[in-house]
Visitor: 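Have a look at this one before I ask anything.
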Amino acid sequence: MTAQIIDGKAVAATLRQHIAARTAALGFRPGLRVVRVGEDPASGVYVRNKDRAAKEVGFDSATIALPASTTEDALLAEVARLNADPAVDGILVQLPLPPQIRADRVIAAVAPEKDVDGFHPLNAGRLASGQPGLVPCTPKGVMHLLRAAGAALPGARAVVLGRSNIVGRPMAQLLLAADCTVTVVHSRTRDLPAECRRAEILVAAVGRAEMVRGDWVAEGATVIDVGINRLADGRLMGDVAYAEVAAHCGAITPVPGGVGPMTIACLLENTLDAALARRG
Ligand code: NAP
């Protein structure tokens, strides 16, 4: 079997064009503010990419760079200022934060209607209870990819490897909302390979390079690799042993060029949705 390669770059480019066209038809520019605390180099790259992508689709985007010594109170004051600013539709505080700042307090301080990361407990609760709200960008991007690949979702056996608040848990909720039969597996699961082999749709979000081997994946399954692992030699590698799995699965995302490009595209989609919801 030759696996279909799910091209995240192409799906993301189409989504971004669609967002740019919708933005051009508005009488205003959706406002996005990305807050960065400290000098973490990886965060710097992510923040620059988000800002550039937002400007490309016509948003009013700006980055607020604060020193690594910023106190929790000072960051909360900045978030409160952005919450109150009518020109701001979306607020994203780039993680990780320096150790003196409690991320959960900052996440809970962002106004839920401006929470374009979808991490606020109110938005997490809305997702868990099947109500509309802002949804975390990476799992939202995975749903776009599954639909673009033509995956038959209702009734499908989906296995999510990982249960973080950023990827695994919201991923499971979105698959459930799409009528999949969902299993979540994690570090305390007894027989990971056996659980994964049952999947018609397998989403790996574990942060361990090439952990999912060829014999963990059923013939014909659709495999989405969320993992981004940087090896000592600088190469990026997913959570899935690509060559082994692609030899017999039905469809698979590459790393890079799979889920990664979708995360930023979905941040733009969330910002546009937040702007439309706030401004009627
Ligand atoms: P995380 O918070 O570290 O969560 C990892 C999850 O994997 C946890 O639920 C953990 O289980 C589970 N796990 C870890 N080791 C395991 C093992 N040996 N066996 C079984 N389960 C294990 O990571 P995350 O934020 O969800 O990110 C996961 C991966 O996705 C990372 O590589 C990250 O870089 C990548 N990522 C990519 C994007 C993107 O845009 N493409 C966005 C976000 C994250 P326990 O809960 O039991 O500890």
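All values below were derived from every heavy atom in this structure, side-chain atoms included, with hydrogens, water molecules and symmetry-related copies excluded. Atoms within a ligand are numbered from 1 in the order they appear, just like the ligands themselves. Because the structure is predicted, anything quoted here is derived from the model rather than measured.
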Visitor: Any idea which protein heavy atom is nearest atom 25 (O) of ligand 1, and the distance to it?
Guide: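 Here the closest protein heavy atom is Ser164 OG, 3.9 Å.
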
Visitor: Any atoms of ligand 1 less than 4.0 Å from a non-hydrogen atom of Val226? List them with their elements.
Guide: 30 (O), 35 (C), 36 (N), 37 (C), 41 (N)

Visitor: Quick one: closest heavy-atom pair of Met237 and Val255, and the distance?
Guide: C-CG1, 3.9 Å

Visitor: Would Arg235 and Asp233 pass as an ion pair if we require N to O under 4.0 Å?
Guide: yes

Visitor: With a cut-off of 4.0 Å, which atoms of ligand 1 are near a heavy atom of Asn229?
Guide: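 So the answer, numbered in order with elements, is 32 (O).
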
Visitor: Before signing off on this row, confirm whether Asp239 and ligand 1 have an N or O atom pair separated by under 3.5 Å.
Guide: no

Visitor: Quick test: of every protein heavy atom, which one is nearest to atom 34 (O) of ligand 1, and how far off is it to 0.1 Å?
Guide: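 Protein heavy atom at minimum distance: Ile228 O, 3.3 Å.
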
Visitor: Arg188 to ligand 1: N or O pair under 3.5 Å?
Guide: no

Visitor: Using non-hydrogen atoms of the residue, decide whether Met262 is closer than 4.0 angstrom to ligand 1.
Guide: no

Visitor: With side chains defined as the heavy atoms from C-beta onward, is the minimum distance between Leu267 and Thr263 less than 4.5 Å?
Guide: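 No; the side chains remain at least 4.5 Å from each other.
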
Visitor: Relative to the heavy atoms of Val259, which atoms of ligand 1 are at a distance of less than 4.0 Å?
Guide: 41 (N)

Visitor: So if I count the atoms of ligand 1 from 1 in the order they appear, which ones are less than 4.0 Å from some heavy atom of Leu192?
Guide: 19 (N), 20 (C)

Visitor: Minimum heavy-atom separation for Ile201 and Ala151, please, with both atom names.
Guide: CD1-CB, 4.5 Å

Visitor: A side-chain contact here means heavy atoms from C-beta on lying under 4.5 Å apart; do Leu92 and Lys50 qualify?
Guide: yes

Visitor: So do Leu202 and Ile224 actually touch side chain to side chain, heavy atoms under 4.5 Å?
Guide: no

Visitor: What are the atoms of ligand 1, with element, lying closer than 4.0 Å to any heavy atom of Val167?
Guide: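 So the atoms of ligand 1 that pass are 26 (O), 43 (C), 44 (C).
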
Visitor: Write out the residue and atom name of the closest protein heavy atom to atom 48 (O) of ligand 1, then the distance separating them to 0.1 Å.
Guide: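 I find the closest protein heavy atom is Ser187 OG, 3.5 Å.
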
Visitor: Of the protein's non-hydrogen atoms, which lies at the shortest distance from atom 9 (O) of ligand 1, and what is that distance?
Guide: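 Here the nearest protein heavy atom works out to Arg163 N, 2.8 Å.
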
Visitor: Quick one: does atom 37 (C) of ligand 1 have a protein heavy atom under 4.0 Å from it?
Guide: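 Under 4.0 Å from atom 37 (C) of ligand 1, at least one protein heavy atom found.
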
Visitor: If you scan the protein for heavy atoms around atom 15 (N) of ligand 1, do you find one that is closer than 4.0 Å?
Guide: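 Yes, because at least one protein heavy atom sits under 4.0 Å from atom 15 (N) of ligand 1.
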
Visitor: What is the nearest protein non-hydrogen atom to atom 5 (C) of ligand 1, stated with its residue, atom name and distance?
Guide: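 Going atom by atom, the protein heavy atom closest to atom 5 (C) of ligand 1 ends up being Val206 O, 3.6 Å.
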
Visitor: Under 4.0 Å between a side-chain nitrogen and a carboxylate oxygen: does that hold for Arg278 and Glu113?
Guide: no

Visitor: Heavy-atom contacts with His186 under 4.0 Å: which atoms of ligand 1 show up? List them by number with element.
Guide: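 Ligand 1 atoms under the 4.0 Å threshold to His186: 11 (O), 20 (C), 21 (N), 47 (O).
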
Visitor: Identify, for atom 18 (N) of ligand 1, the protein heavy atom at the shortest distance, and state residue, atom and that distance.
Guide: Arg208 NE, 3.7 Å

Visitor: Do Pro193 and Asp215 make a side-chain contact, defined as non-hydrogen atoms from C-beta onward lying under 4.5 Å apart?
Guide: no

Visitor: For ligand 1, which atoms have a heavy atom of Thr263 less than 4.0 angstrom away?
Guide: 39 (C), 40 (O)

Visitor: Would Arg33 and Asp89 pass as an ion pair if we require N to O under 4.0 Å?
Guide: no

Visitor: Using a 4.5 Å cut-off on heavy atoms from C-beta on, say whether the side chain of Val217 contacts that of Arg197.
Guide: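 Arg197 does not reach Val217 side chain to side chain.
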
Visitor: Please report which non-hydrogen protein atom sits nearest to atom 42 (C) of ligand 1, along with the residue it belongs to and the distance in Å to one decimal place.
Guide: Thr138 OG1, 3.2 Å

Visitor: With a cut-off of 4.0 Å, which atoms of ligand 1 are near a heavy atom of Gly207?
Guide: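 Selected atoms, number and element: 28 (C), 29 (C), 31 (C), 32 (O).
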
Visitor: Under 4.0 Å between a Lys/Arg side-chain N and an Asp/Glu carboxylate O for Asp239 and Arg208?
Guide: no

Visitor: Determine, using heavy atoms of Ala205 and all atoms of ligand 1, whether some pair is separated by less than 4.0 Å.
Guide: yes

Visitor: Search all heavy atoms of Tyr242 against all heavy atoms of Thr253 and return the closest pair with its distance.
Guide: CE1-O, 3.9 Å

